[in-house]
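Single-structure report; data block below.
Start at 1 and go down the list; that is how both ligands and their atoms are numbered.
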Amino acid sequence: MRFETKAIHAGQAPDPNSGDVMPPIHLSTTFAQEEPGKHKGYDYSRGGNPTRKNLEEALAALENAKYAHAFSSGLAATSAIAGLLKPGDHLLCIDDTYGGTFRLFERVLRPYGLDFSYVDMSDASKLKLQKNTKMIWLETPTNPLLKIADIAAIAGRKEKALLVVDNTFASPYLQNPLDLGADIVMHSTTKYLNGHSDVIGGCAMLNDEKIHEHLTFYQLAVGGVPSPFDCWLANRSLKTLAVRMKAHCENGQAVAGFLSEHKKVSKVYYPGLPDHPGHEIAKRQMRGFSGMLSFEVKGDFRKFLKALKILTLAESLGGIESLINHPAIMTHASLPSAERARRGISDSLLRLSVGIENIQDLIEDLDQALAKA
Ligand code: P1T
């Protein structure tokens with residue numbers, strides 16, 4: 001099956017008991033056993049639930065993976081994956097990531113004896129692993145600077161380390177890291193996968209049996225699992241992922257083009273622009289450039305933000321509605337200011353998640369607000 005068909009049908013067979021064409025929500029926390037230990041595949045909902053299974057089968061299909069594991073947030077998925085590391089291990093991370101990922105690595109996991117370093121990975125040939133590097137962590141495109149890393153080239157240099165790709169900004173509609181040599185792909189399903197800004201969730205997809213066993217154990221033993229209702233909503237949303245992503249890409253490209261020619265804008269970060277340093281790699285490994293971009297306003301960005309009428313100032317991204325965010329004060333405030341400066345996140349950088357509203361309305365809103373900056 002091709003992407004659009006898998007998004008609608010994978011893991012969605014009609015319910016054998018009732019014939020429901022759309023999977024029902026299984027709210028029960030526990031499942032009847034015929035004899036102790038003899039049941040229909042589910043015993044307690046933290047370990048497994050039929051609604052979660054529907055979602056996980058669909059997620060696996062969309063990333064061309066054997067296995068998918070759903071978590072209660074993107075960060076719960078990240079911490080379950082990082083649970084593969086042991087004290088003394090080193091994780092090599094791309095130098096531009098969601099602020100919460102950095103906070104988890106530095107303030108939660110470093111005190112447990114894990115080591116982290118952050119390097120620019122836009123040139124894969126410069127990648128240097130330490131003896132104890134057991135994991136490489138990529139975001140591509142990155143949050144918030146939209147840097148691009150060459151997944152296949154990094155996979156070729158990973159030695160024995162596991163390559164994990166946070167594919168949140170691209171979605172599986174645009175990029176499939178496992179096909180390019182990654183070992184694990186993760187998403188904040190809160191973003192494009194759910195796409196309606198009404199579920200917090202995360203997932204990890206992979207092919208390796210041992211990693212599958214680890215994550216199955218982590219779901220059961222640590223318990224950061226999503227509710228059946230959240231699984232059902234995310235599963236329902238996946239069915240329209242392809243049409244939503246097409247619209248996000250079209251609007252993203254149009255807004256990036258508009259901003260890059262506007263006299264009140266000094267810089268635009270969008271991998272779909274030919275002068276973006278990662279444009280050629282993005283063209284090779286992605287099937288579109290998504291709806292995420294960042295930019296710098298010339299003038300007073302606070303006045304610009306206040307003047308917006310359709311775009312909402314809020315954290316998060318990937319929903320059908322357009323959101324604008326100030327990384328230094330909002331999503332990336334957990335990075336110390338020196339670290340933000342080192343990464344190139346200025347105090348006037350703005351990040352836009354371009355929604356699927358009418359493009360003319362979005363451009364008119366940005367234009368009238370820029371006039372007030
Ligand atoms: O919020 P949560 O579902 O836990 O996902 C964390 C996460 C992981 N990876 C990426 C690339 C992300 O962007 C996020 C969450 N990001 C935001 C809330 C934001 O506004 O950038």
Exercise for review: Return yes if a side-chain donor-acceptor contact under 3.5 Å exists between N64 and D179, otherwise no.
Suggested key: yes
**Study point:** Residue pair T331 / E315, side-chain donor-acceptor N/O under 3.5 Å
**Key:** no
Of the protein's non-hydrogen atoms, which lies at the shortest distance from [atom], and what is that distance?
atom	value
atom 13 (O) of ligand 1	N143 ND2, 3.0 Å
atom 1 (O) of ligand 1	K191 NZ, 3.9 Å
atom 10 (C) of ligand 1	D166 OD2, 3.4 Å
atom 7 (C) of ligand 1	Y98 CD2, 3.4 Å

Check your understanding: Is any N or O atom of T331, backbone or side chain, closer than 3.5 Å to an N or O atom of ligand 1?
Key -> no
Review point. Any N or O on L75 sitting closer than 3.5 Å to an N or O of ligand 1?
Key: yes
Check your understanding: Partners of S337 by side chain to side chain donor-acceptor pair (under 3.5 Å), sequence neighbours excluded?
Key ->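 Result, side chain to side chain donor-acceptor pair (under 3.5 Å) vs S337: none returned.
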Point to revise | H248: which of F169, Y173, Y192 passes ring-ring contact (aromatic ring centres under 6.0 Å, His included) | key: Y192
Near [X], which atoms of ligand 1 are under 4.0 Å from a heavy atom of that residue?
X	answer
G74	2 (P), 3 (O), 4 (O), 5 (O)
G201	3 (O)
R351	19 (C), 20 (O), 21 (O)

Residue-level breakdown please: for [X] versus ligand 1, do any non-hydrogen atoms fall below 4.0 Å on the side chain, on the backbone, on both, or on neither?
X	value
H332	neither
M330	neither
L317	side chain
T190	side chain

Exercise for review: Measure the CG-CE distance between L350 and M330 for me, rounded to the nearest 0.5 Å.
Suggested key: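 If I round to the nearest 0.5 Å, the distance is 10.0 Å.
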Study note, to complete from the structure: Value for CG (L293) from CG (L273), rounded to nearest 0.5 Å, stands at 8.5 Å
Check your understanding: Quick one: side chain to side chain donor-acceptor pair (under 3.5 Å) pairs with a partner in residues 159-168, sequence neighbours left out?
Key -> E63-N167, D166-T168, N167-Q175
**Study point:** 4.0 Å heavy-atom contact, S316 with ligand 1
**Key:**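 Yes; S316 lies near enough to ligand 1 that a heavy-atom distance drops under 4.0 Å.
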Check your understanding: Taking the six-membered ring for Trp, are W137 and F105 parallel (under 30°), tilted (30 to 60°) or perpendicular (over 60°)?
Key -> perpendicular
Exercise for review: Give a yes or no on whether the backbone of S72 and the side-chain of D230 come within a donor-acceptor separation of less than 3.5 Å.
Suggested key: no
